[in-house]
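Have a look at the structure below, then the notes.
Just the heavy atoms: all of them, side chains too, but no hydrogens, waters or symmetry mates, feed the values below. What you are looking at is a predicted structure, and each value in this text was computed from that prediction instead of being measured.
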Amino acid sequence: QVQLVESGGGLVQAGGSLRLSCAASGRTFSTYAMGWFRQAPGKEREFVAANTWSGGNRYYADSVKGRFTISRDNAKNTVYLQMNSLKPEDTAVYYCAADPTGVGSRPTFFNSWGRGTQVTVSS
């Protein structure tokens, strides 16, 4: 099993920035697609962003495109989510996830999950 641990969440004012990190261990990381999901109170978990093992293919939800950037450092087994121009509606628990198929563009392929990190954006 791939173990995923998120960090970097916190409280930030609208318009501010945060960078989330996800450290992975246990099995092959470099060939996995990695992604971020989030879940706000009363809402279903939604896809946020993902990238493939090469880092070249990136996918974003329309709601965050242009504001969030996903990246990865395979040597460090770490994936990042840079979050800029944060809005109150971005408030959610953010989860790191791994897709062992390496596809990245299909949310149902992600099968390993971190415990989440809280992001709260105040107005």
Side-chain angles (χ1 to χ4, degrees):
Q1 288 287 343
V2 175
Q3 304 294 322
L4 305 173
V5 180
E6 303 96 334
S7 62
L11 175 64
V12 64
Q13 293 185 0
S17 298
L18 286 173
R19 189 180 74 162
L20 306 183
S21 298
C22 174
S25 62
R27 291 191 177 183
T28 301
F29 170 79
S30 297
T31 60
Y32 285 29
M34 299 295 297
W36 291 92
F37 294 73
R38 68 186 182 185
Q39 186 167 21
K43 296 184 178 180
E44 295 183 352
R45 183 179 62 190
E46 66 174 337
F47 170 81
V48 176
N51 61 6
T52 55
W53 67 269
S54 69
N57 293 325
R58 301 180 179 91
Y59 309 95
Y60 296 97
D62 289 341
S63 60
V64 307
K65 194 171 185 178
R67 299 187 297 121
F68 292 8
T69 302
I70 188 170
S71 62
R72 64 194 292 162
D73 186 337
N74 290 337
K76 296 182 178 180
N77 287 349
T78 302
V79 63
Y80 306 95
L81 185 68
Q82 180 66 46
M83 309 165 66
N84 297 328
S85 301
L86 283 162
K87 305 174 180 179
E89 50 263 45
D90 294 319
T91 295
V93 177
Y94 283 72
Y95 298 91
C96 179
D99 166 15
T101 73
V103 172
S105 61
R106 291 185 176 269
T108 55
F109 286 1
F110 290 86
N111 64 5
S112 296
W113 301 86
R115 293 183 178 181
T117 185
Q118 177 71 48
V119 173
T120 302
V121 184
S122 65
S123 59

(message) What's the separation between atom OG1 in Thr101 and atom CZ in Arg106, rounded to the nearest 0.5 Å?
(response) 9.5 Å
(request) Report the distance from atom OG1 of Thr78 to atom CE of Met34, rounding to the nearest 0.5 Å. (result) 9.0 Å
(request) Take Ser17 and Asn84 through the side chain to side chain donor-acceptor pair (under 3.5 Å) test and state the conclusion after the steps. (result) CA-CA 4 Å; Ser17 298; Asn84 297 328; 2.9 Å; yes
(message) Using only atom types and a distance under 3.5 Å, with no angle test, would you say the side chain of Glu46 pairs donor to acceptor with the backbone of Phe37?
(response) no
(message) Nearest 0.5 Å, please: how far is SG in Cys96 from OH in Tyr80?
(response) 11.5 Å
(request) Working to the nearest 0.5 Å, report the span between OG of Ser122 and CD of Gln13. (result) 5.0 Å
(request) Measure from the side-chain N and O atoms of Glu6 to the backbone N and O of Cys22, and report whether any donor-acceptor pair falls under 3.5 Å. (result) no
(request) Check whether any side-chain heavy atom of Tyr95 sits under 4.5 Å from a side-chain heavy atom of Leu4, and report yes or no. (result) no
(request) Verify, without hydrogens or angle tests, whether Tyr59 (side chain) and Val48 (backbone) share a donor-acceptor contact under 3.5 angstrom. (result) no
(request) Without swapping roles, check the side chain of Asn77 against the backbone of Ala23 for a donor-acceptor pair under 3.5 Å. (result) no
(request) Indicate the atoms forming the closest heavy-atom contact of Ala14 with Pro88, along with that distance. (result) CB-CD, 4.1 Å
(request) Supply the atom-to-atom distance Asn111 CG to Tyr32 OH, rounded to the nearest 0.5 angstrom. (result) 7.5 Å
(message) Can you tell whether the side chains of Arg38 and Asp90 come within less than 4.0 Å, N to carboxylate O?
(response) yes
(message) Check for me, please, whether Val12 and Leu81 land in the same ILVMFWY cluster - side-chain distances under 4.5 Å, paths through other members count.
(response) yes
(message) Donor-acceptor pair, distance only, cut-off 3.5 Å: does the side chain of Arg72 make one with the backbone of Thr52?
(response) yes
(request) Quick one: closest heavy-atom pair of Ala50 and Phe110, and the distance? (result) CB-CZ, 3.9 Å
(request) Answer yes if Tyr60 and Leu20 sit in the same cluster of Ile, Leu, Val, Met, Phe, Trp and Tyr residues linked by side chain heavy atoms under 4.5 Å apart, and no otherwise. (result) yes
(request) Measure across Leu86 and Arg67 and return the closest heavy-atom pair with its distance rounded to 0.1 Å. (result) CA-NH1, 3.9 Å
(message) Quick check on the hydrophobic clustering: are Phe47 and Val103 connected, directly or via other members, by side-chain heavy-atom contacts under 4.5 Å?
(response) no
(request) State, with a plain yes or no, whether a side-chain heavy atom of Val79 is found less than 4.5 Å away from one of Ser71. (result) no
(request) Could you grab the distance from atom CG of Leu18 to atom OG1 of Thr120, nearest 0.5 Å is fine? (result) 9.5 Å
(message) Has Thr91 got a side-chain atom pairing as donor or acceptor with Val121's backbone, closer than 3.5 angstrom?
(response) yes
(request) Give the cluster check for Trp113 versus Val2: same hydrophobic cluster or not, with ILVMFWY residues linked at side-chain heavy-atom distances below 4.5 Å. (result) no
(request) Please confirm whether the backbone N or O of Asn51 pairs with a side-chain atom of Arg58, one donor and one acceptor, at under 3.5 Å? (result) no
(message) Using 30° and 60° as the class boundaries, would you call the ring planes of Phe68 and Tyr94 parallel, tilted or perpendicular?
(response) tilted
